[in-house]
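Numbering starts at 1 and runs along the sequence shown. Computed from heavy atoms alone, side chains included, the values below leave out hydrogens, waters and symmetry copies. Indexing begins at 1, ligand by ligand and atom by atom, following the structure's order.
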Amino acid sequence: MAGIEPRDYQPRPDLLHERVILVTGASDGIGRAAALSFAAHGATVVLLGRSARKLERVHDEIRTAGHPQPAIAVLDLAKAQGPAYFDLAEQVAGTWGRLDGLLHNAALLGERSPIEQHDVGTWQQVLHVNLSAAFILTQVLLPQLRRSTDASILFTSSGVGRRGKAYWGAYAVSKFGVEGLAQVLAEETRDNTRIRVNCLNPGGTRTAMRRKAYPGESPDARPEPSAIMPAYLYLMGPDSRGVTGGSFDCQA
Ligand code: NDP
């Protein structure tokens, strides 16, 4: 698989057979598509989000399609405190005894505004949900990821997390942080674990967040989340074994 572009990957149907993968923000948009796609390729997916009602809908879609029974973890990443994270880690440990994949996907856009006028509360909330919550979740789940024979941690980046862009405020800064967190963790796990850590930038994709960021854009100007899944499947599955510390794009 050397030299492959993740976006050109062609997964086999049973790629994620018997893997347990947790997806944050699985209730909508790209996270929902990733959860459906991972399940369709054989994974048992832990659907994490803040709305039980929306997660149940995704759960039912997966079951109706005949894929492995998913689990639901209701956790509001803006509000959750330590015990809620530890309960989740215990649920994973007690049910499966390991975790094979962790997709950090949940995020808030916050407000598009100049730094000079950026609301401080919004800044803190966006940094917390997009970056600090991913750090805490990674920290509590690392023991279970270490127990996998082939684990993948995938962070969701953005073009504005690699090159700063006016008015993208806390969102852009949080994504720079996500890239940094992934690099640091990749170095720390490279030689002494079977865990790989990478970043993936979906590129403009047709979701509620995209509509909020670009209200004037035609709805069909961007691909559906389901169209960008090859890169997610590549980085989550065994064919990316040994690939760590990278930052990839779903779209050309
Ligand atoms: P959406 O807004 O469509 O979905 C965001 C998801 O995150 C939803 O499931 C949402 O839950 C969840 N979420 C938000 N806040 C919380 C919280 N406090 N606790 C738990 N879950 C929460 O966004 P996208 O699907 O577009 O984005 C997915 C990822 O891709 C993000 O990291 C985003 O930054 C990134 N991205 C997206 C691009 C795009 O063009 N769409 C471009 C570049 C990067 P709920 O359903 O309850 O709202």
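At a 3.5 angstrom cut-off on N or O pairs, S51 does not count as close to ligand 1.
Here is the list of ligand 1 atoms found below 4.0 Å of a heavy atom in L75: 19 (N), 20 (C). Listed by number with element, the atoms of ligand 1 under 4.0 Å from a non-hydrogen atom of Y171 are 33 (C), 34 (O), 35 (C), 36 (N), 44 (C). Proximity to T156 (heavy-atom distance under 4.0 Å) selects the following atoms of ligand 1: 29 (C), 30 (O), 32 (O), 35 (C). Atom numbering of ligand 1 starts at 1 in the shown order; those under 4.0 Å from a heavy atom of G29 are 3 (O), 25 (O). Close approach to G204 involves these atoms of ligand 1, each under 4.0 Å from a residue heavy atom: 40 (O). Listed by number with element, the atoms of ligand 1 under 4.0 Å from a non-hydrogen atom of L108 are 15 (N).
Listed by chain and residue number, Q144 satisfy the side chain to side chain contact (heavy atoms under 4.5 Å, CB included) test with A93 (two or more places apart in sequence, or in another chain).
In terms of protein heavy-atom proximity, atom 9 (O) of ligand 1 is closest to S27 OG, 2.7 Å. Scanning all protein heavy atoms for the shortest distance to atom 38 (C) of ligand 1 gives G203 O, 3.9 Å. Nearest protein neighbour of atom 18 (N) of ligand 1, counting heavy atoms only, is D76 OD1, 2.9 Å. Protein heavy atom at the shortest distance from atom 24 (P) of ligand 1 is T207 OG1, 3.6 Å.
Cation-pi geometry between R211 and Y214 is not met at under 6.0 angstrom from the ring centre and within 45 degrees of the axis.
Here E56 does not pair with R53 in a salt bridge; the nearest charged N to carboxylate O distance is not below 4.0 Å. With salt bridges taken as basic N to acidic carboxylate O contacts below 4.0 Å, one links R162 and D249. A salt bridge is defined here as a Lys NZ or Arg NE, NH1 or NH2 lying under 4.0 Å from an Asp or Glu carboxylate O, and D239 with R12 meets this definition.
There is a path of hydrophobic side-chain contacts, each under 4.5 Å, that joins I228 to V45.
When only modelled atom types and interatomic distance are considered, Q69 and H59 share a side-chain donor-acceptor pair under 3.5 Å.
Remark: among candidates N130, V58, V160, T205, the nearest residue to atom 39 (C) of ligand 1 is T205, based on non-hydrogen atoms. Residue nearest to atom 29 (C) of ligand 1, selected from I30, N105, V23: N105 (by heavy-atom distance). Closest heavy-atom approach to atom 6 (C) of ligand 1 within the set G25, A26, A73: this belongs to G25. Evaluated by nearest non-hydrogen atom to atom 13 (N) of ligand 1, the leading choice among A133, A106, A78 is A106.
Within the 4.0 Å heavy-atom criterion, the part of S157 lying near ligand 1 is the backbone and not the side chain. For R206, no heavy-atom contact with ligand 1 is shorter than 4.0 Å.
No heavy atom of R222 sits closer than 4.0 Å to any atom of ligand 1.
Checking side-chain atoms of N198 against main-chain N and O of V243 turns up a donor-acceptor pair under 3.5 Å.
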>> Let's go through R98 and D150 carefully: what are the C-alpha distance in whole Å and the side-chain angles of both, what is the deciding distance for salt bridge (Lys or Arg N to Asp or Glu O under 4.0 Å) to 0.1 Å, and is it a yes or a no?
In response: CA-CA 11 Å; R98 68 173 201 289; D150 179 36; over 6 Å; no

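A 6.0 Å sphere centred on CD of Q117 holds more than 12 heavy atoms belonging to other residues, nucleotides or ligands.
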Only pairs under 3.5 Å count here: list side-chain donor-acceptor contacts from residues 118-137, not counting sequence neighbours, and write none if there are none.
{"from": "H118", "atom 1": "NE2", "to": "A170", "atom 2": "N", "distance (Å)": "3.2"}
{"from": "D119", "atom 1": "OD2", "to": "G121", "atom 2": "N", "distance (Å)": "3.3"}
{"from": "D119", "atom 1": "OD2", "to": "T122", "atom 2": "N", "distance (Å)": "2.8"}
{"from": "D119", "atom 1": "OD2", "to": "T122", "atom 2": "OG1", "distance (Å)": "2.8"}
{"from": "H128", "atom 1": "NE2", "to": "L77", "atom 2": "O", "distance (Å)": "3.4"}
{"from": "N130", "atom 1": "OD1", "to": "L108", "atom 2": "N", "distance (Å)": "2.8"}
{"from": "N130", "atom 1": "ND2", "to": "L108", "atom 2": "O", "distance (Å)": "3.0"}
{"from": "N130", "atom 1": "ND2", "to": "S174", "atom 2": "OG", "distance (Å)": "3.1"}

